[in-house]
Trainee: 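The structure that follows is given in the form of structure tokens.
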Amino acid sequence: VGSEMCIETGVNLSPYHFARLFRATFGCAPYQYVQEQRLTRARDLLRQPGSKITAIALNCGFNDASQFSRAFKARFGETPSVYRARTNAR
């Protein structure tokens, strides 16, 4: 395991060592970083009328709208549909 090629970096690092270096650099685990990027992109897309929430969820890398809705609510404190209604009402 220690001599595995770490796909994320293209250099010889074990996945464990890569995760440690990533956390030291960015302050979070690689998965958390990717999740935050996906949720931020989804939030931006929700501000644009016309796209269905399921399409946004899939476009941002979530498996389905339910998974997306749970993650979005956990991060931003409201569901995607409530967020969209609130921001588009302005």
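For reference, positions follow the sequence shown, starting with 1.
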Trainee: So, do Arg84 and Arg47 sit near enough that their side-chain heavy atoms are less than 4.5 Å apart?
Mentor: no

Trainee: Is Leu21 reachable from Phe26 through a run of hydrophobic residues whose side-chain heavy atoms are each under 4.5 Å from the next?
Mentor: yes

Trainee: Just so I know, are the side chains of Leu46 and Pro80 near enough to count as touching, which here means a heavy-atom distance under 4.5 Å?
Mentor: yes

Trainee: So does Glu78 pair up with Arg86, basic N to acidic O under 4.0 Å?
Mentor: yes

Trainee: Are Val34 and Leu45 joined in one hydrophobic group, where the rule is that I, L, V, M, F, W and Y side chains link up if heavy atoms are under 4.5 Å apart?
Mentor: no

Trainee: Rounded to the nearest 0.5 Å, what's the gap from OG on Ser81 to NZ on Lys73? Could you check?
Mentor: 9.5 Å

Trainee: Parallel, tilted or perpendicular: which describes the rings of Phe62 and Phe68, with under 30° parallel and over 60° perpendicular?
Mentor: tilted

Trainee: Do the non-hydrogen side-chain atoms of Ile56 and Lys52 ever get within less than 4.5 Å of each other?
Mentor: no

Trainee: Would you please name every residue forming a side chain to side chain donor-acceptor pair (under 3.5 Å) with Thr54, sequence neighbours left out?
Mentor: none

Trainee: Name all pairs fulfilling the side-chain hydrogen bond (donor to acceptor under 3.5 Å, both in side chains) condition that reach into residues 55-70, sequence neighbours left out, sorted by first residue then second.
Mentor: Arg41-Asn59, Ser66-Arg70

Trainee: Ignoring hydrogens, what is the shortest heavy-atom contact between Thr79 and Phe72? Give both atom names and the distance.
Mentor: C-CD2, 3.8 Å

Trainee: State, yes or no, whether a side-chain contact exists between Gln32 and Arg23 at a heavy-atom distance under 4.5 Å.
Mentor: yes

Trainee: Indicate yes or no: at least one non-hydrogen side-chain atom of Gln35 is less than 4.5 angstrom from one of Pro30.
Mentor: no

Trainee: Does the side chain of Tyr83 reach to within under 4.5 Å of the side chain of Phe76, using non-hydrogen atoms?
Mentor: no

